[in-house]
Amino acid sequence: MKETISPRIAILMGSDSDWEVMKEAGKVLKDFAIPFEMTVTSAHRTPERTHEYATSAAQRGIEVLIVGAGAAAHLAGVVASITDLPVIGVPLSATDLQGMDALLATVQMPGGIPVATMAIGKAGAKNAALFAARILALHDPDIAEEYRSFRAKMAEEVTSKHQALQNRLKEL
Ligand code: RP5
């Protein structure tokens, strides 16, 4: 029988139109072998479902929530107002304001209810997953080791780019 692994991270998005950006968070968690779940739930269109999801997350073993939303992005703040788990917000570009609306709605939380707000878009989704991994790494040596390898690989890539640049310079 296939073993079921409980998700440790939840990725929430306000609409399926957020998928193309929020999948970047999923890719990172997959690379780190961190079990996660993903759901669509809306602060405005499905408030009861959002409430139920946020209320039950900790009991189900979720440790960190990553929440992406665009437009008047209240989802991360609403979820943070319900759960005691850390909430990481990802503002998304969904209107003519290109994510500035979502950024301000996500980041400008009143004192008392924190949302760790990332950059708008794909970099934010990626960093949200890395930030979640760092939180888990505090008490999970395997994830801490995975993170060290990730950083070392990134540094190696920069060094290779430097080398490639030196070769291009010779061609000037
Ligand atoms: C937000 O409204 C969602 O997170 C999405 O970014 C935006 C637009 O949603 P759709 O109209 O595409 O469903 O709640």
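If you're wondering where the values come from, they're calculated on a predicted model, not measured in any experiment. Remember, it's 1-based here, ligands and their atoms both numbered in the order they're listed.
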Checklist entry - When the ring planes of H44 and H74 are compared, do they come out parallel, tilted or perpendicular, using 30° and 60° as the limits? => result perpendicular
Item to check | Shell of residues surrounding ligand 1, defined by a 4.0 angstrom heavy-atom cut-off that is strict | outcome: G14, S15, S17, D18, R45, A69, G70, A94
Item to check | Ionic contact status for E157 with K161, cut-off 4.0 Å | outcome: no
Item to check | Pairwise salt bridge (charged side-chain N to carboxylate O under 4.0 Å, His left out) hits with a residue in residues 37-53, at least two apart | outcome: E37-R60
Next on the checklist: Under 3.5 Å, is there a donor on one side chain and an acceptor on the other for T106 and T117?
Outcome noted: no
Checklist entry - Does anything in residues 82-106 pair up under salt bridge (charged side-chain N to carboxylate O under 4.0 Å, His left out), and if so which pairs, sequence neighbours excluded? => result none
Checklist entry - Which pairs count as salt bridge (charged side-chain N to carboxylate O under 4.0 Å, His left out) when at least one residue sits in residues 130-145, sequence neighbours excluded? => result R8-D140, E145-R148
